[in-house]
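Here the structure is laid out as structure tokens; the discussion comes afterwards.
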Amino acid sequence: LTIGPASIDVGGTRMTTKPVTIEVVAADQTPDNSRQQQRSQIPQGQQRQSPPPVQIDDPFSKDADEQIKAGDLMVRIEMSKPKVYEQQVVVCTIKLYTKYEITQFMPTKQPSFDGFLIEEIPMQPSLNKVETINGQKYWVAVLKKCLLYPQQSGKLTITSGTYDVSAVQYERFRTIFGSMASPVEREIKVKSNSQTINVLPLPEPQPANFSGAVGKFSVTTNLTPDSLKTYSAATYSYIVKGTGNLKYIKAPTIDFPKEFDVYDPKTDVKITSGGGDMSGTLTIDYTFIPQYAGTFNLPQTDFCYFDPDAGEYRSLPISA
């Protein structure tokens, strides 16, 4: 396409510009490389200047002639702690950092979490935040956030993931009206980092009544109905409240009198996991049927848990 010359009369003299020719190609085609050839014709002894840093709010800095650098579009796995105990929570967040607009994002290989139990926090990824890293601004989207509970000690690694990404760059050209920029999509493959966390074993020896609880808890009990009759079912409830690995606590063993028929305990967990750990209530119901009339005592049961902040076991005496 050719834009014809513009002319104007100034003080009796007619001044005219030169015509401008522009090549316009489809977005999926490659334009004529004469512009690149002109760039390569650098006078001898003069070095080509490196392109300016990419800025999130400057389309002219996102030149389609330049490769997208790893530091301008990246996926990062971030851990809330570098070191935890077994069963102590660590928050894993997978984020997309980009200086480019993104039109498509497709995971091709997800990170693996071998050695962990996972409680995933529901997310709706959106590039709606801006963060600054080393003086550079990025649009940021949280792709995945989950609570990880390590099941073994040692060094555990979250492996890297790979992603197909379509990012927007800009073809830059000049007109008589100044510099213009046209968006062009570029498909690239992005690989995230991996992360290793050091998992400490729970101290030995472990108390005999330790049921795997790691966190901070309180315990109460409840018996229904209050008045028991022979051959009628009753329920002894063991209620654990607090913050920690509630879903993974084993039902403690309670020594019921031999005159009771006791059924396998049933558990019910009500938790919220929006913060840095699971919080809520674990209810363990023990159903039993007295076979004889009389007065019976349930022995005192201690609830034992490990406090990772203090690095020690704690026992809560519970009177039946």
Side-chain angles (χ1 to χ4, degrees), residues 76-95 111-123 131 142-159 193-222 237-254 265 267-284 300-320:
R76 293 175 55 174
I77 300 175
E78 301 174 356
M79 309 291 281
S80 62
K81 305 182 186 77
K83 181 173 63 176
V84 294
Y85 285 97
E86 291 178 71
Q87 290 288 348
Q88 182 185 5
V89 69
V90 57
V91 182
C92 176
T93 307
I94 304 178
K95 290 183 177 181
S112 63
F113 300 91
D114 296 340
F116 295 93
L117 292 176
I118 304 174
E119 186 73 20
E120 191 162 341
I121 300 174
M123 303 294 300
E131 291 186 16
V142 177
L143 305 176
K144 187 172 185 176
K145 189 173 185 179
C146 49
L147 308 179
L148 303 181
Y149 295 86
Q151 300 301 294
Q152 63 192 63
S153 60
K155 293 186 181 297
L156 299 182
T157 299
I158 293 92
T159 62
N193 62 319
S194 60
Q195 278 282 15
T196 299
I197 186 169
N198 187 22
V199 182
L200 304 176
L202 294 175
E204 295 288 350
Q206 295 183 5
N209 59 341
F210 178 61
S211 57
V214 176
K216 294 182 182 296
F217 306 99
S218 63
V219 179
T220 57
T221 59
N222 185 47
S237 298
Y238 199 88
I239 305 164
V240 182
K241 295 182 179 181
T243 300
N245 61 338
L246 281 164
K247 288 181 66 174
Y248 311 117
I249 297 175
K250 299 176 184 178
T253 300
I254 297 178
T267 61
D268 178 54
V269 184
K270 292 181 173 60
I271 62 171
T272 58
S273 55
D277 206 343
M278 284 189 289
S279 297
T281 302
L282 166 66
T283 302
I284 305 171
Q300 177 174 301
T301 302
D302 289 349
F303 175 74
C304 179
Y305 68 94
F306 181 74
D307 184 344
D309 292 337
E312 61 183 26
Y313 295 98
R314 299 186 185 278
S315 289
L316 300 176
I318 305 299
S319 299

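The shortest side-chain heavy-atom distance between Pro252 and Asn209 does not fall under the 4.5 Å cut-off. Contact check for Val91 versus Leu148: no side-chain heavy atoms found under the 4.5 Å cut-off. With a 4.5 Å cut-off on side-chain heavy atoms, Ile239 and Thr281 count as touching.
Screening residues 301-312 for salt bridge (charged side-chain N to carboxylate O under 4.0 Å, His left out) gives Lys216-Asp307, Lys216-Asp309, Asp307-Arg314, Glu312-Arg314 as the qualifying pairs, with residues at least two apart or on separate chains. Legend: salt bridge (charged side-chain N to carboxylate O under 4.0 Å, His left out) pairs involving residues 196-205, not counting sequence neighbours: none detected. The side-chain hydrogen bond (donor to acceptor under 3.5 Å, both in side chains) contacts involving residues 240-249 comprise Gln87-Asn245, Glu119-Lys247, Thr243-Ser279, where partners must be two or more places apart or lie in separate chains.
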> Stepwise, does the side-chain hydrogen bond (donor to acceptor under 3.5 Å, both in side chains) test hold for Ser112 with Thr159?
Replying inline: CA-CA 5 Å; Ser112 63; Thr159 62; 2.7 Å; yes
>> side-chain contact (heavy atoms from CB on, under 4.5 Å) for Val199 and Gln152? Distances and angles first, verdict last.
In response: CA-CA 7 Å; Val199 182; Gln152 63 192 63; over 6 Å; no
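Cys304 approaches Pro207 most closely through the heavy-atom pair SG-CG, 3.6 Å. Residues Leu246 and Gly242 share a closest heavy-atom pair of CD1-O, 3.6 Å. Summarising the geometry of Gly311 relative to Tyr85, their closest heavy-atom pair is CA-OH, 4.0 Å, with the distance given to 0.1 Å. Cys146 and Ile118 get closest at one heavy-atom pair: CB-CG2, 3.8 Å. Closest approach of Pro150 and Leu156 over heavy atoms only: CB-CD1, 4.0 Å. For Lys145 against Thr93, the heavy-atom pair with the smallest separation is CG-OG1, 3.8 Å.
Partners of Tyr149 by side-chain hydrogen bond (donor to acceptor under 3.5 Å, both in side chains), not counting sequence neighbours, listed by chain and number: Asp277. Scored by the side-chain contact (heavy atoms from CB on, under 4.5 Å) test, Pro111 finds Ile77, Ile94, Phe113, Ile158, Tyr163 as partners (sequence neighbours excluded). With sequence neighbours excluded, the residues forming a ring pair (Phe, Tyr, Trp, His ring centres under 6.0 Å) with Tyr305 are Phe217, listed by chain and number. Partners of Lys250 under the salt bridge (charged side-chain N to carboxylate O under 4.0 Å, His left out) rule, at least two apart in sequence or in another chain, do not exist in this structure. Partners of Asn222 by side-chain hydrogen bond (donor to acceptor under 3.5 Å, both in side chains), not counting sequence neighbours: none found. Residues passing the side-chain contact (heavy atoms from CB on, under 4.5 Å) test with Thr267 are Leu282, Ile284, sequence neighbours excluded. Lys144 meets the side-chain hydrogen bond (donor to acceptor under 3.5 Å, both in side chains) test with no other residue; sequence neighbours excluded. Partners of Thr157 under the side-chain hydrogen bond (donor to acceptor under 3.5 Å, both in side chains) rule, at least two apart in sequence or in another chain, are Thr196. Looking at residues two or more places apart in sequence or on another chain, you find no salt bridge (charged side-chain N to carboxylate O under 4.0 Å, His left out) involving Glu86.
Once rounded to the nearest 0.5 Å, the distance linking NZ of Lys81 with CD of Gln88 reads 5.0 Å. One distance of note links CZ of Phe303 with OG of Ser218; it measures 9.0 Å at 0.5 Å rounding. Atom CD1 of Ile197 is separated from atom CZ of Phe116 by 5.5 Å, given to the nearest 0.5 angstrom.
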